[in-house]
Structures are given as structure tokens and as C-alpha cells.
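For reference, the structure is listed below as C-alpha cells.
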Amino acid sequence: MQVSKNAQMVLERRYLAKDKDNKPIETVDGLFRRVAGSIAKADALYDKNADVKALEDRFYELLTSMEFLPNSPTLMNAGRPLGQLSACFVLPVEDSMDSIFESVKQAALIHKSGGGTGFAFSRIRPAGSVVNSTGGVASGPISFMKVFNMATEAVKQGGTRRGANMGILRIDHPDILDFIDCKKASNELNNFNISVGITERFMDAVEKDEEYELVNPATKEVTGKLRAKEVFDKIVEGAWRNGEPGIIFLDRLNRDNVVPGQGEIESTNPCGEQPLLPYESCNLGSINLSLMLTEKDGKKVVDYDRLGRVVSDAVHFLDNVIDVNQYPLPIIDKTTKATRKIGLGVMGFADMLLRLGIPYNSDEAVALAEEVMGFINETGHKASQKLAERRGAFPLFGESIYKDGKPLRNGTVTTIAPTGTISIIAGCSSGVEPIFAYVFIRNVMDNTEMIEVNPILREVLEERGLYSDELMKKIAAEGTIAHIEEIPEDIRRVFVCAHDVSPKYHCLMQAAFQRHTDNAVSKTVNFAEHATREDVAETYHLAYRTGCKGITIYRDKSRDMQVLNIGSVKGKEGAAPERPAPLTPRPRPEITSGFTEKMNIGCGKLYVTVNYDENGICEVFTSTGKAGGCPSQSEATARLVSVALRCGVPAEEIIRQLKGIRCPSTIRQPGMKCTSCPDAIARVIKEVVDFTKKDGDGVETPAAFAKHRLMEKKKEMQHRPAEDQTGASKNFRFCPECGEPVEHEGGCVVCRNCGYSKCG
């Protein structure tokens, strides 16, 4: 089988089995044989005489033809010891410490196994509420989201995938305004996507410009009212600013809840397309629509015979995945098998349109989306019914919304998921998205840049004798062919990219697929950089009116880094797609000047040395005191900072990146000036930057600066707790939680007002 160079790289780096030296020990062909063989074995559970080898060959052909691919964990783990094959999980978060930290532990296990998790934080009482069991004050859902975020940061998923989370808060939660802004800063909650859980009542209040009630989830009491339109505008502002938060229409998720008696759907997986009950998981897979075409009377048309066969085989494949899956928790195994949800979706839809000569931003394309997805959904349900005849319906069928119809093997059959990496493997466009750009730079894994030219455009241009390297460079610079006059108008009309498509047609396309999808549709509405907040608001209203279950928008260049880039990577000058020449650090100077400062951190003392020469700061050294610290990590940070400085990275940028990084050992120490070792390094670098600017003007000498810093440190100590050799605070005067005076008692510090104890 043949795969593209980009696909080969992705497979080698993320999917192929490796030895202890991280070298691949299987081929691409071997990967698909491993997956096909593992999934086919499930047939023997239902028929001891099943021809498992013949089914393995059929699944192998399905995969190697790229007609269908399952989600990444299945490709990575099927037939291997880990054996965890699901991409999507939802965990409950109840309003108790036991529940919250049990979910943190469970999420860590899921992330380690390669899955992503969704959480609703709507049951956690708002910040400032009284905790009856302790008499303390609740910190609220956002503080606990940060705990989940830090736990995710600490877990590398099976060596291949970084953990991802969805965090949802209901619109009527008293902390909703803080939640909407919780990702306002680009360095906050980086392991979370966040969405506001919108109700029909709220949207009605928005359209009527009325107030709506906020409800404490712990007491069910109304705690206040907000003007709905102002909250809606705040959501729009956040989405316009950096794409966060998205919105999820909760009532619509529960309208299609297959087993409402089992509870309410409150959350989805990280990309929003898979609503799940607590402890459910879902296995996803996508059909490559770019291959579902045939010729009739000299024209390309949809090959529904081939598509029907692939749908039936894919449903069979995904149902088998449920049985061979090694779930990370027994309760997930039990809950998943009670409804046996699968999520069959598509990729390559934009490629299909190009082959058919249909512009993405047209009514004809929207109609085709309905037709194709309607066929897939109907055929998928028939395939599930056929499986039920041989294997039985899903266990909770008798209490499901389908109980009066034909037995179904799977509670849900269809989902439109994002297909970022599997579409690279298949060599097709992603999900149901339009082509992002026809020549673009893709940043994947370790910020590797991969330059790609759309093969269909290349084919068309070559057929007409128009293809050239110069033209490709021009397309890369423009990001679109819409205004390139060298390309004929009939080609430009069809080959539209994401930014040529109006938000209206983005939304109409999502709604068309949603009408024929059991679960939900993962899709991004792309906005140009100059789009307004009013544009975003209009799209949200359109998504609501057209029946979408949620919506995610992204305005170009509204984040510091983005995976796909038109023209050039954001922040780089010029549009040439070639990778920049590697940077070489200038040699370390023979003689330097500098300062060493002792910084108090949460686990001891850190000595930071910053040296400079006539060209500016050139190196940083660190050493830790006897109390410990993280010597290897702080040394590594210092070395990387030194190399970056000598490569010409501005010191101000390094300060910006390091400042404010938080370490649990530090932030739990009251009165600390620093928040971590990197933060301490950033602070000393800033002091030297400020000094060297003055020194360059002849304003201060090094000796004067050292004296100045010594005076500053003395002033700081007057306002900070002094510490004895045991680390016990002597001058700790006020409680960090309530601000009242504290008492020193029993070798510790306690607050009589709120019960705070420094010793825990």
C-alpha cells in the first residue's frame, strides 16, 4: 500500500509499535494487519464457528484502502498490551472532595491510556459558598478545573497523545461570568476546551432581552439574576478574542438522550461531538468520502453501492471494538456496554465536492451533505439492526427511546468527529470542513512544519498546463486562489477555502450534517482576522435557529499559535513556505559581568546567576540550596534560556514566557514572592535587563546596583514572613484566606477566625 510522505511521518512518530529505543518495529502494512486481526476476533464471542480470518482480511482491506479508519487509540493500541481503543470518555464531577479527586484520578488513568475526557462542573457549588461539613468557604468550579488541568499536564498519554479535556458549565451557574473568562489569558487551562452549557430558556431570554435566574446547584436556590443578552455578549466577546468558550445546547443533547432514565447528559468529549452519560465511552471512525465516487455518463457521481458496503463493514468493525476494548475502569466497561454507542462519521467531504465540481459555499453542497449523511445514517441504523438480529440489542434497549421499534445493537450509530491525524493518513480533507488552504503550513508534533499542496488542485492545474512552483508560492502567500487571476474563474469558483466560505455557509453545512447524525457534529466556523463581534453573535443565533447542538468559532490569528496557518506561520515575516535556516547561538564570551540573587521558592532556596556582556544578557546559571528544590529542572531551564539568549531571542520574550509559571510547592506557601523556579529565573533576568539599560547610559555601576538590590531585599523582608531553619514562619501576621490576625501555636500558625492552619 502507498501512503504520502506526511502520512508516513505521522504513522512512524505516533502509531507504529516501537522498541525500547523508540525505533519502529512494525511497518504501516503491519499496523493495519495488527488492527484488523485484533478487531475481527470479537466475532468468535458470538459464533464459535465464525470465519475470523476471512473477517480479518475484509477489515484489512477496509483499512488499507483508506475507505474507513477508526479513531487514533484504536490504531495505536489494538492488538497491543495497552488495548485501550476509545477516544471519548465523560466522567462525573459531584460536589464533594471525594468525587472531585476520584475523577482526577480516573481522568489520569484515561489520559495515560490515550483517551480524552469531558466534565460538567455544573454540580460544584459556587465560589464563596459555605461548606457545611467544615464551615469553610467553597473555592468554586474554576479552581477545581485548574486541579484537573495540572493533573493532565503531568500525564503523558501512552507516550503518544497529550491529554485533552472538555469543561462545561451551565449558563445558570452563579460562577458563569468567571467561567466565560477563565481562558482569557492564553496560558490558563491549556489542557481544556471550554463550552458554556446553554438552555432553551436562556436563548429565549436573549432573544426577548430579558433577565434569567442563577441557581446554586447545591441548594437549588436562586442566587440572583443576570440580563441574558449581556451574558450572551460576554460569551461572544470571549469567542471573538480567542475562540473560547464554545457553546453547547444542553436541551438538544438531552432531547436525543437514548436512555433518559439513566440520567441527564451534561457533558461531551473534548471536541464536543460526542454527548455521553457519566462513565460512558465511545468508539469513533470515519468513512473517506473522497473515495465514494464513480463515473456515470462521463461525470463523477456518488457511488452509493460502495458507500453502503463501507457503512455496513464500519458498523460491524466499531461494534467489535466495544468487545475487544480494554477499558481503563471496570465501571466504564459496564456503562459503555449497556448502550454500546458507536460514532460513525466522515472525512474527505470537501474533496468529494471538488471532484464533483461543487463549491462548498453553495446550496448544492448543503443539499448533498443532507443526502449523503442521510444515506449513511439510515444505512448505519439498518446495519446495527442486522447485528442485533445475530447478537442481540444493546442491554438498555428496553428502556430506550427506540424500545417500540426494531432492536438496535447500538444506542447511537453516527457522529461527525474531527479527523486531524487520520485524515492525514488517509490523504483527504478533514471531517466535514472545507479545505483550509490549498498550499499551507501545518504545525504538528513538536512544531514540525509540513508543507502540503492539495492534490486535487495540483491535478486540475496540471491538466490545464497551469501548474508551476511560482504559482504555488503565490497561493501559499495569498492563502486562497480567489484573487489569483492566472487561475481561470471556473476553477476559482469551485476551489474555495475555509476563509472564502461565509460563516453562514459554515453554519448551514454543520446543520445539514446534524439533521442526520445521532450525536453531534464537530466543526469550526472560521472567521477572518477582521471579523467583528457582531459577526460572531449572528453565527451563534443562526446555529441556534438551524438546529445545531453546539458551535465553535475561531477567528484567524486570535491565538499565539495555531495548528493550521494560511501563508506563513503567525509571527514570521514573509510568506515563503521554506523552513527557516537553523539558529546558531553566538559563542559564550570569555569575560562577563553579572549578579547572583537568592530567591525563596516553595521547596527551598534557588540561587540565580545572570551574566551579560556588551551585547546583552548571555547566560543564566542556577543552583539550589541544601533544602532541595528541583535542581535538574531549574538547570535545564537555565541552559535553554542561555541558548535562546545567545540565539538572539529577546530577554523580554523569555521573561514573558517564564513569568507566572506556577508550581504547587511554591503556590501553597503563603507570602511567597515567586510562583516557581522558572518564575524566579524570569524575575532575576528582568532585574538585570532593567539594570543593563541604565548601565548602558552610565547611570549605575554594578556596585551601585548590588547595593540598591540589597536595600530592596531588606524592604521586602520587612513585609514578608521571616523563616527560621525549620521553615516555620516567625512574622506571619495575617491569615492568607480571611485576612484576620493569626496566632503561633504548637509550632504552627493558626487562624481563630476561619480555622486556617499552616500545617494543614
Proximity of [X] and [Y] rings by center, below 6.0 Å:
X: F513; Y: F349; result: yes
X: F249; Y: Y544; result: yes
X: F397; Y: Y402; result: no
X: F32; Y: Y60; result: no
X: H516; Y: F375; result: no
X: Y554; Y: F527; result: no

Pair [X] + [Y]: basic N to acidic O under 4.0 Å:
X: E26; Y: K18; result: no
X: D43; Y: R391; result: yes
X: K41; Y: D323; result: no
X: R355; Y: E459; result: yes
X: K337; Y: D333; result: yes
X: R252; Y: E200; result: yes
X: R33; Y: E56; result: yes
X: K299; Y: E295; result: no

> How long is the gap from CZ on R34 to CG on D29, to the nearest 0.5 Å?
Replying inline: 12.0 Å
> Rounded to the nearest 0.5 Å, how far apart are OG1 of T546 and NE2 of H541?
Replying inline: 12.5 Å
So does [Y] get a backbone contact from the side chain of [X], meaning a donor-acceptor N/O pair under 3.5 Å?
X: N519; Y: E273; answer: no
X: Q84; Y: A78; answer: no
X: R409; Y: V315; answer: no
X: E244; Y: I194; answer: yes

>> More than 12 heavy atoms of other residues, nucleotides or ligands under 6.0 Å from CD of E364: yes or no?
In response: no
> Is there side-chain contact between N410 and K341, with at least one heavy-atom pair below 4.5 Å?
Replying inline: no
>> Could you tell me if the side chain of R58 sits less than 4.5 Å from the side chain of D313, heavy atoms only?
In response: yes
> Which of these, L85, L284, L69, sits in a side chain to side chain contact (heavy atoms under 4.5 Å, CB included) with T74?
Replying inline: L85
> Hey, mind stepping through F436 and C497 against side chain to side chain contact (heavy atoms under 4.5 Å, CB included) and telling me if it holds?
Replying inline: CA-CA 5 Å; F436 183 81; C497 71; over 6 Å; no
